[in-house]
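Worksheet for the structure shown next.
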Amino acid sequence: MHGLNARSLTGRDIVLASVLESLRRPAGHGAAVAAEAGLGKTAIATAAAQEMQAEMPVYWVYSSPALKTVPYGALAALLPDLAPRQTGSALAVMRALMARIIAQAPEGGAPAGRPGRAPLVVVDDAHDIDGPSLDLLAQLLDARHIRLLVLTRTFQDISDVLPHMWDGQVTRHQLLPLDEREVLQLCQQELQGQVSITAAVELARLTGGNPMYLLALLDEAVRTGFLVQRQGIWATTDSETPVGGRVGDLVKAQIRGLDPADRTALEVISLAEPLPLRLAFRLGLHASVDRLANVLLVRVSGASDAGQVVRPLHPIYGEVVRGMVPAARSARLHKQLQAVLAGVDLGEEGQLHLVSWSLALGAQVPEQELLYAAETANNRSDPRLALRAAAAAGRGALRIPARIQEARALLLLGKAGQATATLEGTLEQAADLRTVKQAMMVHVQLAQQSTFGSGWEVPLARQWNRAIDRLSGSQPAEAVESARCGAQTLRLLSRVWAGEYAQAELELAEVLRKARESADVEAILFAEAMTAEVQVATGRAQTALKHSTAAMDLLPEATAGSRLFGPFVLHRHLTVLLWLGDWEQLQRSVASADSPVQRTLLHSGGVADFAMGLGHLRSNDLHEAVKDFSAAVEAATRNDPEGILPLALALASFAAASLGQREAAGRLLAAAGRTPPRGPEQYRLLAEGILAGGRFALDSDGSYIQKLRDTAAAAQERSFTAVEFTLRTLSLRLGDLSEAGRLLKVTEGFEGPQALVLNRATRALVDQDSAALVALASDPEPELDLQLARQCLLEAQRLARRNNDRALLNRIHRLTGRHGGGNRGMLPELTRRERDVAALVAAGQRNAEIARTLNLSVRTVEGHIYRTYEKLGISRREELRERFPLLDRPSGGWNRPAEAE
């Protein structure tokens, strides 16, 4: 639309359509749109006005606080001929207004049953309009002389005038903030590049999905380095949230008109965020809280461990307001709050903000509170605050546990070397078993990010047991027993990473039983999550779901120490959801600012983008998969707690190669070649196989297919069922049908929707049931992506040619679009090299000429031509020339299925 850009209406299509529908009803009807400032009310009204002006005249009425006390002041621009002495007369104003906007309307307004004629009046910022103006417009609407579009902050602001018209004459449209998906879309549109999911969700959290603040924050975030682009991916850093520039100006404009009492209340709420409602009453702020809530600057909620709390409407409001308060004034407010704290539970978040506020003022904070704040900040993925609190606590008796929290914060920031140095000697100097356990958790996380493979757990377990022995005489017996169990879990973690699933599952069942008996939350979290991991790895995703869900449900109730397991539990839960194809739950878990573990994803090494990439890969959206895996690679390069970097590189290179993106695929393959293996054994084997698949998709070299087969066989030998399933499915996807019989066996009993569909496909391949293959290809189910459907169609074509089944061949030709039939994208895909060769064949070159042109051997050219013929079901160059303009993008064709073993 002229005058509007796409970003103005991002996520607003449905509301705009609904408003237009209301405005196109007969004269005497209209719509009211309510939303806070910046959500796009005016953009919607502008788009609606531009759409409607071809059907009727459109007039705008602009309200303002300055004119609110002037009767009919908002209408002054529409009443240029009204004499000064008449401005106080309601009748004179009505006559002048009707003469201005009604008499000029086509056919005089045509009030009864003549849609498209009565003028449209748009009232902007109706919450600031004077009462007489709005009352007059309501009368004209009621008399069916006009249509009305009212833009307001809340419906309550205009309910005194329009209540009798709600939903009968005037429909209400509440404009909601952008959701996380729409925020991501707007960010990528504005930044002209891929934005990591975690960055988009953090921006959505800070701005509450308000487009005006989001766009301002994007500009300021790029300028200050809060948002940076690495390897083509935009991601947040750990620098301070930017509050200057246009961001600050917009927030300041919202609070400029506040009276001193309300401004003070907003400052206290922002500095103490969240402020328990009990404290607001003790401070005498209750009336201000009501007023601030009415003007949409704060919100009251009961979803807190401190009961009902009040906080700024959006976090960015709090960030800006805190930066505006002078130090002396902040100190006075801090003192006033401290005076009324007695007996009030601030809750975890409130206590953390109070410590942060105190540190900013240079106020004294007890060492124990500082250590609590450092640990809590780490648990909430705020490493900058954790470092400040740990540094302040690190000079007294608690210096060892403070150093451990400092090491945790450094690890979250991706500074593994500094974390290792800071952690050195803490196990030997720890004064209690809880501190030993905290140190050991950081040691384990450092080891998991290393490239040492398995074996690191043995020396760590010895160190842990030595520390337990040293302290056992001074610690309670139950604490010693719990610590011994911790050392045992380390051995279990090692077993799972090494792929010793059968023994690990038995031991985990016993650990889980004992943990439930003793109500040991940390042990329960660990055992539930690890049991889910083992069951997924052995093909039992549906069974695993109850364990991963139990762990996720327990996280909100976990103690501060137990929250160390948050990212650990989430990663395994996401794996389960991926295997079950539960995309909706997956989206809620990783791409929602309301997710209880969302903040932990900021420092989880790209786990969220990795999970979304797998989802897009499974749904055959390769373009989005490349972007997601690239974002995961960028994050895991800096911090990789789950060891996913090699696997993310492998998956990104495979997706890029499958799309024919040779440069990107080559770059990713080269990076994968330079990256040492890490993570669990199953990840290492999976990455090795996927890399082979990516290289084949890029170059059609048969040796890579053999490498893929060998890796799948190694997974079979190790009983890595999920890895074998993935690699054999990949092999089939690339056109190697030789192991279809083995894949048929693997899918038997393998839990999840993908296995059910693949079982049907492999059964049809093994039985050489051409009718079943065509049925699968002609109407592929969601779990059978188009690439696999193509392979089914190619095999059906081969069988039909062998059996001289002309009817079936004709049906297949219609499916491939040869005769202009269905355009379901079922044309077989060729690799980039096969397309190059096919293009030269179609151009009339002979094999030797093609070999010289492409710098290949004649035998290699002949191999490419043979495979192209097989894929297309042809046998002559003339047929290739006929088919070449219809060819699709890469896939592959290889061998026919082996008989079931």
Side-chain angles (χ1 to χ4, degrees), residues 348 351 366-379 386 389-390 393-394 396-408 422-447 457-495 507-531 551 554-566 568-569:
E348 183 181 272
Q351 184 64 36
E367 194 176 26
Q368 193 63 49
E369 290 184 22
L370 288 168
L371 181 61
Y372 170 83
E375 183 175 347
T376 303
N378 274 326
N379 291 339
L398 299 178
R399 66 185 183 282
I400 297 303
R403 276 174 55 194
I404 294 170
Q405 295 307 322
E406 183 183 351
R408 280 187 66 193
T422 302
L423 198 61
E424 188 174 352
T426 54
L427 272 175
E428 292 76 14
Q429 299 177 63
D432 59 83
L433 290 175
R434 186 179 187 278
T435 303
V436 167
K437 188 173 187 177
Q438 293 264 333
M440 186 54 62
M441 293 292 290
V442 184
H443 275 297
V444 170
Q445 290 174 347
L446 284 165
E457 69 287 344
V458 175
L460 284 182
R462 287 175 183 160
Q463 291 182 59
W464 198 341
N465 281 315
R466 280 199 299 269
I468 294 170
D469 293 340
R470 176 173 60 84
L471 296 168
S472 58
S474 61
Q475 300 288 296
E478 59 270 19
V480 174
E481 183 181 353
S482 176
R484 299 284 186 200
C485 289
Q488 180 189 4
T489 61
L490 184 56
R491 188 179 74 251
L492 276 172
L493 180 63
S494 168
R495 284 192 186 281
E507 294 184 32
L508 281 166
E510 182 62 16
V511 169
L512 189 54
R513 183 187 66 78
K514 291 181 178 179
R516 286 171 175 163
E517 287 177 357
S518 61
D520 186 337
V521 174
E522 293 181 30
I524 293 173
L525 283 170
F526 173 83
E528 293 280 25
M530 291 305 293
T531 300
L554 193 58
L555 273 180
E557 306 169 17
T559 63
S562 304
R563 291 193 190 128
L564 278 165
F565 290 96
F568 179 85
V569 169

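Keep in mind that this is a model prediction, so the values were computed, not measured.
A pairwise comparison of heavy atoms in L460 and A447 identifies CD1-CB, 4.2 Å as the closest pair. Residues A430 and T435 approach most closely at CB-CG2, 3.8 Å, considering heavy atoms. Residue A393 comes nearest to L370 through the heavy atom pair CB-CB, 3.5 Å, listed as atom of the first residue, atom of the second, then distance. A pairwise comparison of heavy atoms in L423 and A439 identifies CD2-O, 4.0 Å as the closest pair. Contact record, A407 with T422: N-CG2, 4.1 Å, taken as the closest heavy-atom pair.
Put simply, CG on L490 and CG on N465 are 9.0 Å apart, with the number rounded to the nearest 0.5 Å. A distance of 4.5 Å separates OG1 of T426 from CD1 of I404, quoted to the nearest 0.5 Å. The distance from the CD atom of E510 to the CG atom of L492 is 11.0 Å, given to the nearest 0.5 Å. Remark: L471 CG to L433 CG distance equals 5.0 Å, nearest 0.5 Å.
No more than 12 heavy atoms of other residues, nucleotides or ligands sit less than 6.0 Å from atom CD of E481.
Side-chain contact between R408 and M441 is absent, with no heavy-atom pair separated by less than 4.5 Å. Here the side chains of E367 and L371 are not in contact, with every heavy-atom distance at 4.5 Å or above. Between W464 and V444, the closest side-chain pair of non-hydrogen atoms is not below 4.5 Å. In this structure the side chain of Q405 never reaches within 4.5 angstrom of the side chain of Y372, judged on heavy atoms. Between V569 and L554 the shortest side-chain heavy-atom distance does not fall below 4.5 Å. Here the side chains of L508 and F526 are in contact, with some heavy-atom distance below 4.5 Å. Contact annotation: the side chain of H443 approaches that of L427 to within less than 4.5 Å [non-hydrogen atoms, C-beta and beyond].
Taking a cutoff of 4.0 Å between a charged side-chain nitrogen and a carboxylate oxygen, K437 and D432 do not qualify as a salt bridge. Salt bridge annotation for E528-R516: present, with a cationic side-chain nitrogen under 4.0 angstrom from a carboxylate oxygen.
Partners of Q429 under the side-chain contact (heavy atoms from CB on, under 4.5 Å) rule, at least two apart in sequence or in another chain, are I400, R403. Taking the side-chain contact (heavy atoms from CB on, under 4.5 Å) definition, one finds that R491 meets it with Q488, R495, E507, sequence neighbours left out. Under the side-chain contact (heavy atoms from CB on, under 4.5 Å) criterion, A523 pairs with A515, D520, sequence neighbours left out.
Under a 3.5 Å cut-off, the side chain of N378 and the backbone N or O of A386 do not form any donor-acceptor pair. R484 contributes no side-chain N or O that, together with a main-chain N or O of I468, makes up a donor-acceptor pair within less than 3.5 Å.
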side-chain contact (heavy atoms from CB on, under 4.5 Å) evaluation trace for V442 with Q438: CA-CA 7 Å; V442 184; Q438 293 264 333; 6.0 Å; no

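Judged by distance alone, the side chains of R466 and Q463 never bring a donor and an acceptor atom under 3.5 Å apart.
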